[in-house]
Amino acid sequence: MAYPTTRLRRLRQTPVLRNLVRETVLTRNDLIMPLFVCPGTNVENPINSMPGNSQLSVDLLVNKCKELYDRGIQAVLLFGIPEHKDEHGLVACEHNGIVQQAVRALKQAVPDLYLIADICNCEYTTHGHCGTIVNGDVHNDLTLETLAKQSVSLAQEGVDMVAPSDMMDGRVGAIRKALDQHGFYNTPIMAYSAKYASAFYGPFREAAESAPKFGDRKTYQMDPANTNEALREVALDIEEGADIVMVKPALSYLDVIQRVKTNFNMPVAAYNVSGEFAMVKAAAAKGWIDEKRIVHEILTSIKRAGSDLIITYHAQEIVQDL
Ligand code: PBG
């Protein structure tokens, strides 16, 4: 029935009515907060381009996580800034690696906080690439070994989930196999499946001190122009054993999130990345936007597109309002 019988404005008349018919509701259960851990004690290095975020030493990270958990954050994604880097990123696989230390301390201090570890080499290699370099490019199959080692090492420390972000072919399968061989068959893999070679990672590379020293990541991360290829990436990751598939970044890739959600019956994660966060913060600092409303709208749109989990630096600030 058309107008005048049908009036869509009828259901918009009051806040209660709007609440009753709302299709997408953001909850604190959707959120994952990324955190950066660095060496030392009592160290807090604020990240310039990401206001409210810092590199924290393990002791301060523990305090921060207690506070976040009390505020309603139930899951965090950990990134490490190691004391030393090496050519192959092997420092990421050591019992005394920086994330390993953090996981041990956090599991003691905040046992119910769900710990996800980013699995990648770029924070740990001297050259800043996401794997082992051979003839000027990242060698896919050699890198798989380090990624599997890093994953097993973190699982041994008690990490709850691993999230490979390197974009090597076959890494989900290699990690799954290694985890299973070590008895960690219940440790889920959240794969950064459709991860694009994006300028939106700029602030993160300052935060994680992981910018490549030469070249770029275009031989392993995806071309922002492609979505059919994203579906192939996701399909392969699922075949190899991914439990959750991710699209990253989020905002410029809502179409990809939606295609992934409708094509596969899988939990989908989206990463609302550092550059997306920084743009909001910069505009808000100038008084040009209403930050709270914008953040709510952005995160709701990511969920509406089809994302079940949202990794976002806004989590710590928005969680109280949910
Ligand atoms: C590591 C990694 C990156 C991000 C998450 N894991 C950076 C990159 O690929 O260069 C970006 C996160 C963000 O921008 O917030 N490979």
Side-chain angles (χ1 to χ4, degrees), residues 31-37 47-55 76-82 85 88-89 91-92 98-99 116-125 127-133 138 140 143-144 146-147 150-151 154 161-168 171-172 175 189-224 233 244 246-253 269-282 295 298-299 302 307 309-316:
L31 302 178
I32 298 167
M33 175 73 198
L35 294 167
F36 300 94
V37 57
I47 302 154
N48 231 347
S49 48
M50 299 170 66
N53 292 265
S54 301
Q55 299 177 347
V76 297
L77 173 61
L78 298 172
F79 294 95
I81 296 99
K85 304 189 188 227
H88 306 289
V91 286
I98 187 67
V99 179
I116 309 168
D118 184 86
I119 302 296
C120 193
N121 287 350
C122 63
E123 297 121 72
Y124 306 96
T125 49
H127 44 75
H129 276 287
C130 300
T132 290
I133 299 288
V138 175
N140 194 87
T143 303
L144 299 185
T146 341
L147 297 168
Q150 187 185 2
S151 302
L154 287 159
M161 180 187 281
V162 293
S165 69
D166 51 282
M167 287 301 279
M168 297 304 119
R171 90 270 208 222
V172 172
I175 291 171
I189 300 175
M190 174 164 67
Y192 288 69
S193 301
K195 176 172 177 178
Y196 288 88
S198 171
F200 284 101
Y201 309 149
F204 173 94
R205 292 183 186 169
E206 175 203 338
E209 301 176 15
S210 64
K213 297 275 184 304
F214 64 89
D216 53 41
R217 304 215 200 286
K218 289 180 184 164
T219 68
Y220 41 105
Q221 296 180 349
M222 281 184 57
D223 183 335
E233 283 283 4
I244 300 172
M246 194 198 299
V247 175
K248 175 188 176 186
L251 264 195
S252 295
Y253 300 85
Y271 200 141
N272 175 223
V273 299
S274 58
E276 301 173 56
F277 175 82
M279 293 195 302
V280 170
K281 284 289 178 187
V295 169
I298 286 174
L299 299 182
I302 294 170
S307 180
L309 302 78
I310 305 173
I311 303 162
T312 177
Y313 304 96
H314 295 294
Q316 58 179 353

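Remember, it's 1-based here, ligands and their atoms both numbered in the order they're listed. These values consider heavy atoms only, across backbone and side chains, with no hydrogens, waters or symmetry-generated copies. Bear in mind that the values here come from a model prediction, so they are computed numbers and not experimental data.
You'll find the side chain of Ile47 stays beyond 4.5 Å of the side chain of Tyr313, heavy atoms only. Taking the side chain as every heavy atom from C-beta outward, Lys195 and Tyr220 never approach each other to under 4.5 Å. Two residues are said to be in side-chain contact when any heavy atoms from C-beta on lie closer than 4.5 Å; Cys120 and Met167 fail this criterion.
Which parts of ligand 1 touch Arg205 is read off a 4.0 Å heavy-atom cut-off, strictly below it: atoms 8 (C), 10 (O). Using a 4.0 Å cut-off to heavy atoms of Tyr313, the atoms of ligand 1 that qualify are 12 (C), 13 (C), 15 (O). Those atoms of ligand 1 that come under 4.0 Å of a heavy atom in Ser165, given as number and element, are 1 (C), 2 (C), 6 (N), 16 (N). Counting the atoms of ligand 1 from 1 in the order shown, those under 4.0 Å from a heavy atom of Cys122 are 1 (C), 16 (N). Near Tyr271, with a cut-off below 4.0 Å to any heavy atom, the atoms of ligand 1 are 12 (C), 15 (O). Of all the atoms in ligand 1, the ones that sit under 4.0 Å from a non-hydrogen atom of Phe79 are 5 (C), 6 (N).
At least one N/O-N/O distance between Gln221 and ligand 1 falls below 3.5 Å.
Residue, atom and distance of the protein heavy atom nearest to atom 9 (O) of ligand 1 are Lys195 NZ, 2.7 Å. Remark: minimum distance from atom 5 (C) of ligand 1 to any protein heavy atom is reached at Lys248 NZ, 2.5 Å. Looking only at protein heavy atoms, the nearest one to atom 14 (O) of ligand 1 is Ser274 OG, 2.7 Å.
For the ring pair (Phe, Tyr, Trp, His ring centres under 6.0 Å) test, no residue two or more places apart in sequence or in another chain qualifies with Tyr201. Tyr192 is linked by a side-chain hydrogen bond (donor to acceptor under 3.5 Å, both in side chains) to Asp118, counting only residues two or more places apart in sequence or in another chain.
Taking the six-membered ring for Trp and thresholds of 30 and 60 degrees, Phe204 and Phe79 have ring planes more than 60 degrees apart, a perpendicular arrangement.
Using a 4.0 Å cutoff on heavy atoms, Glu276 does not count as a contact of ligand 1.
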